[in-house]
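What follows is a set of notes on a single structure, which appears directly below.
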Amino acid sequence: MPMPQTTTEAQKRALIAGSVGNFIEWYEFAVYGFLATVIAQNFFRLQGEAELTGIILTYASFAIAFFFRPLGAIFFGRMGDRIGRKPTLIFVLIMMTLVTTAIGVIPTYASIGVAAPLIVTGLRILQGLFAGGEYGGAVSLMTEFAPKGQRGRYGAWQSFTVALGLLAGAGIVALLSAVLSADQMHSWGWRVPFFLALPMGMVALWLRYSMEETPSFVRQQQTQNAQQPAAVSASFGTTIRIILLAISRVMVWSAAGYTYLVIMPTYLQSSLHTGFNQALLIAVISNLGFAATIIPAGILSDKIGRRSVMVLAACLLLVLALPLLNVLQVDSSTLLVKALVVFVAGGIVGLLAGPGPAMLAEMFPTRVRYTGLGLAYSLSNAVFSGCAGLIITSLIKQTGNLDIPAWYIMVTAAISIPALMTLNKKDHLRSLDEAES
């Protein structure tokens, strides 16, 4: 059988098609995070409970969705490894879009009582399932289509569209809060960002429908042979070991990313008493810093290796997390100084997010790549991203220590640095089909 040929046009289509789903996924997660205080008021502000308790319940709903992402990664990952990247990515995109849009039509707690937060939580669980099937497929699609020596750049586009999704979410929420009154924002304005997911999803569906299957998957399907049960068992054990190593490598990326890019507005409002609009502006700036370094970091990792770039970023977070947060806490710090601090923090996270997708793709063989990297990423995000707001807010409430966000990042950095040091310096030079063993 002839092997598939990859054209430049097919590579471009794969890059765009892989990116659009990530954009929608992270746009919604950003919107939910940035509207946490509004959602808490509408759905989780229970009678007789403090305002901070409502925020904690909102983040609990936020976190539970992340714990269903690994299930989605397993189910849709196996589907993508067996029937192909294209059909699986199309299905998860459709479902993710419909569920996100549905959040915008839920009646509030004042209208239907306890059913409201239960429905929100149920939809968040469905979002988690479908989002779990998105990442592994998108990264597999991009890196398997990447030209030789450019996996870092291609994979970085996945992270870059995450930044664009976060920026779009923050920008739309900031725009609505600027043009609407506080009462309008709480009564109906918060629904608008969720409704916007529907037209976005229609455009994304059109783009994905026109893409091709990846050449690596086609080659694997053409050359695979029946394996003995012992070989399958050995392969399974090896895959689990690699997944655990991958989680160790990306946990600081997950923790720092959500701390600086998503939950920071709520921390600034609830702990440092910053105004809503100023907190959102600071969030936009941190995401701009994040976006600014992703593509350059991915390209740099193609030249000097994933290990050098990612270890440097993790070390910077270990050393700078506390000083950067302390600057935000000083009352005399101007908006310009705070903006510079969060821009730098976001930029350091971008140094991890640029090479990260290619690093994960290089850890797994084609036959389990969709499942393996998707599961590693989703498990890391479930624990260290999805729980970030819940852990940080709860610990601040219990201890009164406003440095908790920095310590959270520093602990994960201390674990990730040794794991990243085990990366092979030449992983970026070998064929993608040569997995770690």
When you measure from the side chain of Tyr370 to the backbone of Gly133, do you find a donor-acceptor pair of N or O atoms at a distance under 3.5 Å? yes
Show me the pairs that pass ring pair (Phe, Tyr, Trp, His ring centres under 6.0 Å) and involve residues 306-336, at least two apart or across chains. none
Ile24 and Ala204 have their tightest heavy-atom pair at CD1-CB, 3.8 Å
Hey, are the side chains of Leu288 and Phe343 touching, using non-hydrogen atoms and a 4.5 Å cut-off? yes
CG-CD1 distance between Leu420 and Ile415, expressed to the nearest 0.5 angstrom: 12.0 Å
So the salt bridge (charged side-chain N to carboxylate O under 4.0 Å, His left out) pairs with at least one residue in residues 301-321 (sequence neighbours excluded) are Asp302-Arg306, Arg306-Glu362
Answer yes or no: is there a donor N or O on one side and an acceptor on the other, between the side chain of Lys86 and the main chain of Met211, under 3.5 Å? yes
Take Phe195 and Val105 through the side-chain contact (heavy atoms from CB on, under 4.5 Å) test and state the conclusion after the steps. CA-CA 8 Å; Phe195 290 148; Val105 301; 3.5 Å; yes
Side-chain contact test, heavy atoms from C-beta onward, threshold under 4.5 Å: evaluate it for Leu317 versus Tyr260 and give yes or no. yes
Name all residues meeting the side-chain hydrogen bond (donor to acceptor under 3.5 Å, both in side chains) criterion together with Ser254; count only those two or more places apart in sequence or in a different chain, and write none if there are none. Ser380
Listing request: all salt bridge (charged side-chain N to carboxylate O under 4.0 Å, His left out) pairs with a residue in residues 179-207, at least two apart in sequence or in separate chains. none
Of all heavy-atom pairs linking Ile247 and Ala376, the shortest is CG1-O, 3.5 Å
So Val309 and Ile304, do their side chains get closer than 4.5 Å, heavy atoms only? yes
What's the spacing between Leu324 CG and Ser286 OG if we round to 0.5 Å? 12.0 Å
With side chains defined as the heavy atoms from C-beta onward, is the minimum distance between Met200 and Thr97 less than 4.5 Å? no
Which pair of non-hydrogen atoms, one from Pro193 and one from Leu35, has the smallest distance, and what is that distance? CG-CD1, 4.4 Å
I'd like to know whether Leu322 forms a side-chain contact (heavy atoms from CB on, under 4.5 Å) with Asp403, so could you lay out the CA-CA distance, the side-chain angles of the two residues, the decisive distance to 0.1 Å, and finally the verdict. CA-CA 7 Å; Leu322 191 56; Asp403 292 337; 3.8 Å; yes
For Ile396 and Asn401 the tightest heavy-atom approach is CG1-O, 3.5 Å
Could you label the plane-to-plane angle of the Trp190 and Phe194 rings as parallel, tilted or perpendicular, counting under 30° as parallel and over 60° as perpendicular? perpendicular
Which residue pairs pass the side-chain hydrogen bond (donor to acceptor under 3.5 Å, both in side chains) test when at least one of the two sits in residues 172-182, sequence neighbours left out? Ser177-Asn277, Ser181-Gln184
N/O donor-acceptor pair under 3.5 Å between Ser394 side chain and Ile391 backbone: no
Scan for side-chain hydrogen bond (donor to acceptor under 3.5 Å, both in side chains) pairs involving residues 336-359, sequence neighbours excluded, and state none if there are none. none
Under a 3.5 Å distance rule, please check whether Tyr154 uses its side chain to pair with a backbone N or O of Glu144 as donor and acceptor. no
For Arg78, check salt bridge (Lys or Arg N to Asp or Glu O under 4.0 Å) against everything at least two apart and list the hits. Asp81
Any sub-3.5 Å donor-acceptor pair from Gln158's side-chain atoms to Met142's backbone N or O? no
Please name all residues satisfying salt bridge (Lys or Arg N to Asp or Glu O under 4.0 Å) with Arg208, sequence neighbours left out, ordered by chain then number. Glu134
Looking only at heavy atoms, what is the nearest atom pair of Val252 and Ala314, with distance? CG1-CB, 4.3 Å
Side chain proximity check, Leu180 to Trp188, heavy atoms < 4.5 angstrom: yes
Stepwise, does the side-chain contact (heavy atoms from CB on, under 4.5 Å) test hold for Ile119 with Ile112? CA-CA 10 Å; Ile119 294 173; Ile112 60 173; 4.1 Å; yes
Ala413 backbone acceptor or donor facing Ser416 side chain under 3.5 Å: no
Got a sec: does the CH2 of Trp26 have more than 12 other heavy atoms crowding it under 6.0 Å? yes
Check against side-chain contact (heavy atoms from CB on, under 4.5 Å), Leu129 and Met95: CA-CA 10 Å; Leu129 282 170; Met95 300 309 297; over 6 Å; no
Side-chain heavy atoms of Val337 within contact of Val330, under 4.5 Å: no
Minimal heavy-atom distance between Phe23 and Gly165, with the atoms involved, is CD1-N, 3.5 Å
Using a 3.5 Å distance criterion without hydrogens, assess whether the side chain of Arg153 forms a donor-acceptor pair with backbone atoms of Ile299. no
Ignoring hydrogens and angles, tell me if any N or O in the side chain of Arg369 forms a donor-acceptor pair with the backbone of Ala361 under 3.5 Å. yes
Rounding to 0.5 Å, atoms OG1 (Thr239) and CZ (Phe364) come to a distance of 7.0 Å
Non-hydrogen side-chain atoms of Val173 and Leu176 separated by less than 4.5 Å: no
Nearest-0.5 Å distance that lies between atom CD1 in Ile240 and atom CG in Leu245: 13.0 Å
Let me have the donor-acceptor pairs involving side chains of residues 346-360, under 3.5 Å, with sequence neighbours excluded, atom names and distances please.
none

So do Leu373 and Met363 actually touch side chain to side chain, heavy atoms under 4.5 Å? no
The reported gap from CD1 in Ile417 to CG in Leu318 (rounded to nearest 0.5 angstrom) is 5.0 Å
Using side chain to side chain contact (heavy atoms under 4.5 Å, CB included) as the criterion, list what pairs up with Ala163, not counting sequence neighbours. Phe290, Ala291, Ile294
Tyr377: partners by ring pair (Phe, Tyr, Trp, His ring centres under 6.0 Å), with sequence neighbours left out: Tyr135, Trp253
So, taking the atom named OG1 in Thr101 and the one named CG in Leu123, what distance separates them when rounded to the nearest 0.5 Å? 10.5 Å
Kindly say whether Leu244 contributes a backbone atom to a donor-acceptor pair with the side chain of Ser248 at under 3.5 angstrom? yes
Just grab all the salt bridge (charged side-chain N to carboxylate O under 4.0 Å, His left out) pairs involving residues 20-42, residues at least two apart or on different chains. Glu25-Arg69, Glu28-Arg124
